[in-house]
Amino acid sequence: MITTHLKSGARSFFDHVFMCVSVCVSLLVLSISACSPQQEPVEKPPAPDLVVINADVYTVDSTRARADAFAVSAGKFVAIGSTAEIQQLVGADTEVIDVGGVSVIPGLIDGHTHLLMGAGLAVGVDLSEIEDKSEWLRIIRDKAQNLPANAWILGGAWDHSLSDGVLPTKEMLDPITPDHPVLLRDIDGHSAWANSLAIKLAGISADSPVPPSGEIVLDPETGEMTGIFLEAAGSLFSDAPGMAEATDPVAGIKAAVALANSHGITSVHDMSNHFDEFLAVFDDGDLTLRVWQGARPPLVLDQSPDEVYAQMAAERERVRQHVAANAQTKSMGPLFDIGYTKLIVDGVLSTYTALMKAPYSDNPDAIAEPFVSKDQLNAMIAAAHDHDFPVAVHAIGDDAVSWVLDGFAQSPRRPGMPADRIEHVEMVTPDDVARFASLGVIASMQPHHATCCVGNYVIDRVGRERLPNAYVWRSMLDSDVPLVLGSDWPTSPLNPLIQMADTIHRETRIDGVIRPWDEGNSLTFEEALYGYTQSGADRTAWANEIGSITVGKWADFVILDEKLPVTVDRALENRQVTATYLAGQRVFPTNQ
Ligand SMILES: [Zn+2]
């Protein structure tokens with residue numbers, strides 16, 4: 001039987017279909033001529049715009065978890081059923097996509113991104129997680145061959161500690177990029193690697209004045225620049241010819257959106273401001289991604305929290321009016337909103353800046369300084385709620401998480417607002433897991449931060465005795481705490497199939513061997529998929545419009561290259577997205 005879940009009052013052509021079916025005592029009759037002549041003529045419903053058949057569909061809708069096919073009209077799912085059922089709906093103008101048995105999943109929702117921060121990787125080169133330096137050079141050479149001469153090559157995310165631990169040099173770049181200035185940031189953003197042309201264009205010499213905390217790295221023997229610029233020295237390139245065009249934020253967001261679509265992502269919770277840049281992309285019709293944006297107040301306030309949030313609410317209103325005036329949302333559904341506010345309490349475990357209840361195991365003298373006082377945090381949460389902003393707070397250490405829960409307990413959100421959330425939650429005590437549940441707070445977690453780093457430095461920082469409190473995905477679900485999954489791109493891979501595979505295998509490199517740890521906290525594929533789809537939708541105002549393959553929702557879906565096995569394992573990370581659809585329109589690939 002075809003599944004229909006239309007909201008009350010909404011009638012699709014399937015209502016007509018079933019009227020006809022009931023009279024004609026036939027499985028599925030689409031033609032009026034097949035009905036008895038005594039019946040009132042029923043207007044023939046329009047055929048769907050698009051059907052997908054012979055698919056292994058994961059709907060993420062518990063009322064019908066799996067299906068073989070579905071139909072789309074006017075950008076929305078209108079029927080879900082067997083291939084035979086859906087094929088009968090096909091009309092002369094219906095596009096039929098026979099996927100030949102591969103898996104189809106809902107459009108993926110990344111619960112934590114910084115799209116503009118990652119733009120360099122999207123427009124430039126992405127060297128993240130690549131160990132072999134010769135592979136870095138191959139990627140850079142390929143990029144140069146596809147760019148006009150003198151265009152900057154940006155991006156990077158290289159990590160020399162994955163290979164030989166030796167910093168790269170300008171001499172490695174010069175032979176392969178004689179006509180292109182190159183400036184590539186490392187994975188942490190602390191170092192920049194440039195070629196000779198970039199250095200020349202920027203007018204930098206070995207004795208150029210350097211901003212405080214910056215350093216031009218020189219060869220100790222020759223005194224020559226090596227091509228590495230530390231911290232603020234990277235800003236010496238900011239005014240170089242061509243750099244402004246190369247870092248244009250609107251072009252950068254467009255590239256990041258296209259990259260997200262290529263990974264099957266149709267919606268993100270983005271953690272930055274830059275509203276006007278996103279609106280420019282939207283106005284150009286290139287925002288093929290539903291962006292639930294977090295508004296960030298200044299780190300240092302020169303006004304009261306109430307005044308700050310009153311201004312942010314006015315800004316939100318301006319953005320909403322701008323979006324509402326554009327007809328795109330009628331045919332594509334929601335595309336952009338300022339949905340919440342993003343705050344930050346502490347830093348990260350790697351640099352001992354995460355706020356922990358007990359000293360760091362490998363550096364007991366390290367004292368992390370919070371970005372805000374507890375009183376300030378509480379005042380910000382209260383003011384945000386007063387102005388109808390749900391709150392998302394970066395908290396990585398177990399003490400930072402407690403602070404935020406205290407703040408949420410003190411100033412509960414108003415009924416009807418999307419839930420408050422804590423971002424990262426890398427360390428959390430069992431008592432606080434229970435408080436997430438009792439306070440109705442969402443855990444927004446990024447799986448690859450665990451698998452990359454538990455063996456790398458987390459065990460050192462927190463010790464094995466505190467490790468059971470690290471990245472507790474399963475404990476959250478078992479305690480009825482909703483779990484939203486995401487990438488925190490560009491700090492970890494944007495590819496959701498890698499992130500979901502991480503939750504399944506939960507492996508990290510410990511003592512040189514890649515192996516699982518604390519396997520009880522791993523997830524199933526179905527749980528991970530829920531965290532990357534409907535759970536993300538539930539945090540927005542769009543819970544009933546996106547997040548699953550359900551009749552009446554916008555037709556955001558992803559076609560994979562193979563059928564997933566009955567029990568999905570880490571091979572998921574090797575699957576490819578062959579097509580991504582947003583509101584029934586293909587947004588990846590766009591060149592066919
Ligand atoms: Zn982040």
Side-chain angles (χ1 to χ4, degrees), residues 108-122 126 128-129 157 185-190 249 252-253 256-257 259-260 263 265 267-275 277-278 289 291-299 338-351 353-355 368 370-372 377 380 389-397 400-401 403-404 420-428 441-453 458 470-471 473 483-496 498-499 502 531-532 535-536 539-540:
L108 296 163
I109 300 174
D110 188 322
H112 189 127
T113 61
H114 302 262
L115 289 185
L116 191 53
M117 207 195 285
L121 297 181
D126 183 356
S128 57
E129 312 229 328
R185 300 266 170 190
D186 75 340
I187 185 72
D188 298 320
H190 295 300
I253 292 170
V257 166
L259 184 65
H263 287 304
I265 299 169
S267 182
V268 295
H269 303 169
D270 199 60
M271 297 288 153
S272 50
N273 285 323
H274 309 291
F275 310 131
E277 290 84 352
F278 276 91
L289 194 63
V291 179
W292 183 250
Q293 185 85 321
R296 300 178 78 148
L299 260 184
I338 299 178
Y340 61 100
T341 185
K342 167 85 186 299
L343 304 176
I344 181 163
V345 170
D346 66 345
V348 293
L349 291 167
S350 60
T351 56
T353 50
L355 218 56
F371 287 101
V372 290
L377 175 68
M380 293 295 279
F389 282 93
V391 181
V393 189
H394 167 124
I396 283 183
V401 171
W403 281 34
V404 182
D420 295 315
R421 44 197 279 176
I422 304 182
E423 305 303 308
H424 310 306
V425 200
E426 296 190 8
M427 297 296 300
V428 59
V441 175
I442 310 303
S444 169
M445 301 173 79
Q446 298 77 41
H448 199 74
H449 283 166
T451 53
C452 76
C453 299
V458 174
Y471 312 96
W473 311 317
L483 183 58
V484 170
L485 298 178
S487 65
D488 197 29
W489 188 70
T491 72
S492 84
L494 185 58
N495 184 347
I498 292 178
Q499 298 281 352
D502 283 323
Y532 245 106
S535 189
R539 309 311 39 112
T540 72

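Counting convention: from 1, in listed order, for ligands and their atoms alike.
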Backbone or side-chain N/O/S of Asp488 under 2.8 Å of the Zn ion (ligand 1) | yes
Is His394 close enough that one of its N/O/S atoms sits under 2.8 Å from the Zn ion (ligand 1)?
-> no
Identify the residue among Leu289, Leu115, Asp110 that makes a side chain to side chain contact (heavy atoms under 4.5 Å, CB included) with Asp270.
-> Leu115
Which atoms form the tightest heavy-atom contact between Trp489 and Ala122, and what is the distance?
-> CH2-CB, 4.3 Å
Which pair of non-hydrogen atoms, one from Ile396 and one from Ala354, has the smallest distance, and what is that distance?
-> CG2-CB, 3.8 Å
Examine all N, O or S atoms of His112, backbone included, and report whether one is under 2.8 Å from the Zn ion (ligand 1).
-> yes
So do Ser272 and Met117 actually touch side chain to side chain, heavy atoms under 4.5 Å?
-> no
